[in-house]
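Below is one structure, written out as C-alpha cells; comments come after it.
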Number of protein chains: 2
Amino acid sequence: METSNLKKAGLKVTLPRMKILEILENSETRHLTAEAIYRELLDSGEEIGLATVYRVLTQFEAAGLVCRLHLEGNQAVFELERGGHHDHIVCNQCGRVEEFFDETIERRQREVAQHHGFAIKDHALVLYGDCTDSACPHRPA
Amino acid sequence: METSNLKKAGLKVTLPRMKILEILENSETRHLTAEAIYRELLDSGEEIGLATVYRVLTQFEAAGLVCRLHLEGNQAVFELERGGHHDHIVCNQCGRVEEFFDETIERRQREVAQHHGFAIKDHALVLYGDCTDSACPHRPA
DNA sequence: ATAGAAATGAGAATCTTGATCATCTGAGCG
DNA sequence: CGCTCAGATGATCAAGATTCTCATTTCTAT
C-alpha cells in the first residue's frame with residue numbers, strides 16, 4: 001500500500017493525495033505536469049482544485065516521494081521517485097522523455113565540481129534531440 | 001564594433017540593442033537576468049521599457065548572440081555567447097556561477113543519446129553545490 | 001530630408017505557481 | 001459509532017516572470 005508512504009512522510013492519508021499518487025503510479029509517460037494530473041482527476045469525476053494538486057505535489061517533493069523536473073522551461077513535470085537517480089533525454093519533435101544513468105558522467109561531474117572547489121549537492125542534466133525512433137510521431141504535443 | 005553582429009543577425013542597429021550588448025559585455029558576473037539589465041539601464045539614465053529588454057534578449061538568443069539559462073528555476077539569466085560551449089556550477093550559498101567544460105562528459109552525452117536512438121541537438125547541465133571558496137559569503141543574494 | 005518598415009514603451013494580458021481563508025475531512029477518543 | 005480538532009481542501013485571489021498590443025518613435029534607404 002502506498003498509504004504507508006504518506007504516513008511515513010507525516011502526511012494525513014486523504015482522498016486527493018491517494019488519487020494523485022495513483023495517477024503518478026499508473027501513468028505511462030511517468031512525467032506529468034500538475035495540470036495534466038488535474039485534468040485527469042477532473043475527467044475521473046473527482047472534485048479537486050488545481051491549488052490542491054500543486055500543494056500536494058510540493059509536499060510529495062519535500063517528502064521525497066516525487067521529483068520536480070524543468071524539462072522545457074515553463075511548466076514543471078513531476079515523476080514518482082522510484083529509488084534510482086537518473087537524468088533525461090527529451091525529443092524536440094514529439095516531447096517523449098527517456099531516462100538514463102551514466103556512471104562516467106556522474107563521476108566526472110563530481111570530479112569537475114571538486115576541481116572547482118565545490119561540494120556538489122545536486123545536478124540537473126537534460127539532453128535535447130530528435131528521436132529517430134519510428135514511434136516518434138515527429139510533431140509536438 | 002559589435003554593431004556588425006547586429007547587422008549580421010538581420011537586426012536593425014538601435015540604441016536599446018547597443019546598450020544591452022554593452023552591458024552584457026562589461027558585466028562582471030557574465031550572467032544577468034532581464035531585470036538586472038533593465039535596472040542597470042535605468043540607473044544609467046536610459047529610458048527603456050522592460051518589455052524591450054525581454055524582446056531584445058529573445059532576439060539575441062535567436063540570433064545566437066546570447067544564451068538563455070535557467071540556473072535556479074524562476075528567473076532566466078542571459079550570458080553573452082563567446083564561442084565556446086560550456087556548462088555551469090552554481091553555489092547554493094552565494095549564488096556564484098562558475099563555468100566549466102569537460103570533454104569526457106560531452107562525449108558520454110553523445111554516446112548515451114545515440115544509444116537511446118536520439119540525435120542530440122543540445123543539452124543543459126547545471127551542477128549545484130556549496131562553494132568552499134573563502135570568497136563565498138555563504139549567504140544567498 | 002522623407003517615407004516606410006521596423007522597433008520601442010507603457011501597460012494590459014497570460015501563464016504558472018503559491019497564498020488566503022472559510023469550510024470540510026480524517027484520526028483518535030469516549 | 002459519533003465527537004472534536006488539527007490538518008486538508010477548494011475557490012479565489014495574488015505574485016512573479018514573460019509576452020502581447022498598439023500607438024508612437026526611430027532607423028535605413030532613397
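On a predicted model such as this, the values are computed, not experimentally measured, just so you know. In what follows, chains carry the letters A, B, and so on, assigned in the order in which the sequence lines appear, proteins first and then strands, with residues in each chain numbered from 1.
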Would you classify A:Ala76 as touching base, sugar-phosphate or nothing, given that sugar-phosphate means primed atoms plus P, OP1 and OP2, and contacts are heavy atoms under 4.0 Å? sugar-phosphate
Rounding to an integer number of Å, can you tell me how far A:Gln75 CD sits from C:dT14 P? 17 Å
Return the residues of residues 51-60 of chain B meeting this criterion: a heavy atom under 4.0 Å from some atom of DNA chain C. Order them by number, or give none. B:Ala51, B:Thr52, B:Arg55, B:Val56
Are the aromatic rings of B:His123 and B:His85 close, with centres under 6.0 Å apart? yes
Check ion pair B:Glu103-B:Arg110 (N to O, under 4.0 angstrom): yes
To the nearest angstrom, the CG-P distance between A:Leu15 and C:dG26 comes to 7 Å
For the side chain of B:Thr14, starting at C-beta, report the closest nucleotide among C:dA27, C:dA7, C:dT17. C:dA7
Atom NE2 of A:His86 with >12 non-hydrogen neighbours under 6.0 angstrom: yes
Find the distance A:Leu50:CG to C:dT17:C1' and express it as a whole number of Å. 8 Å
How many whole angstroms separate atom CD of B:Glu72 from atom C1' of D:dA17? 15 Å
Using five pairs at either end of the helix from C:dA1-D:dT30 to C:dG30-D:dC1, determine the angle between the two local helix axes and round it to 10 degrees. 30°
Separation of C:dT16 atom C1' from A:Ile37 atom CD1, nearest Å, is 15 Å
Integer-rounded Å distance: C:dG9 C1' and B:Leu42 CG: 12 Å
Return yes if a side-chain donor-acceptor contact under 3.5 Å exists between A:His70 and B:Glu72, otherwise no. no
Any donor-acceptor N or O pair under 3.5 Å, side chains A:Arg68, A:Thr58: yes
Find out whether A:Glu79 and A:Leu24 are in side-chain contact, i.e. whether some heavy atom of one side chain is under 4.5 Å from a heavy atom of the other. no
Which nucleotide wins on minimum distance to the side chain of A:Leu11, given the candidates D:dA8, D:dT9, C:dT8? D:dA8
Please examine the side chains of B:His31 and B:His88, heavy atoms only from C-beta on, and report whether any two atoms are closer than 4.5 Å. yes
Find the distance A:Ile20:CD1 to D:dG10:C1' and express it as a whole number of Å. 13 Å
So does B:Lys12 get a backbone contact from the side chain of B:Arg17, meaning a donor-acceptor N/O pair under 3.5 Å? yes
Side chain to side chain contact (heavy atoms under 4.5 Å, CB included), paired with B:Leu32, selected from B:Ile23, B:Val77, B:Leu57: B:Ile23
What integer distance in Å separates B:Arg68:CZ from D:dT18:C1'? 8 Å
The nucleotide from C:dT8, D:dT28, C:dT16 with an atom nearest the side chain of B:Arg17 is C:dT8
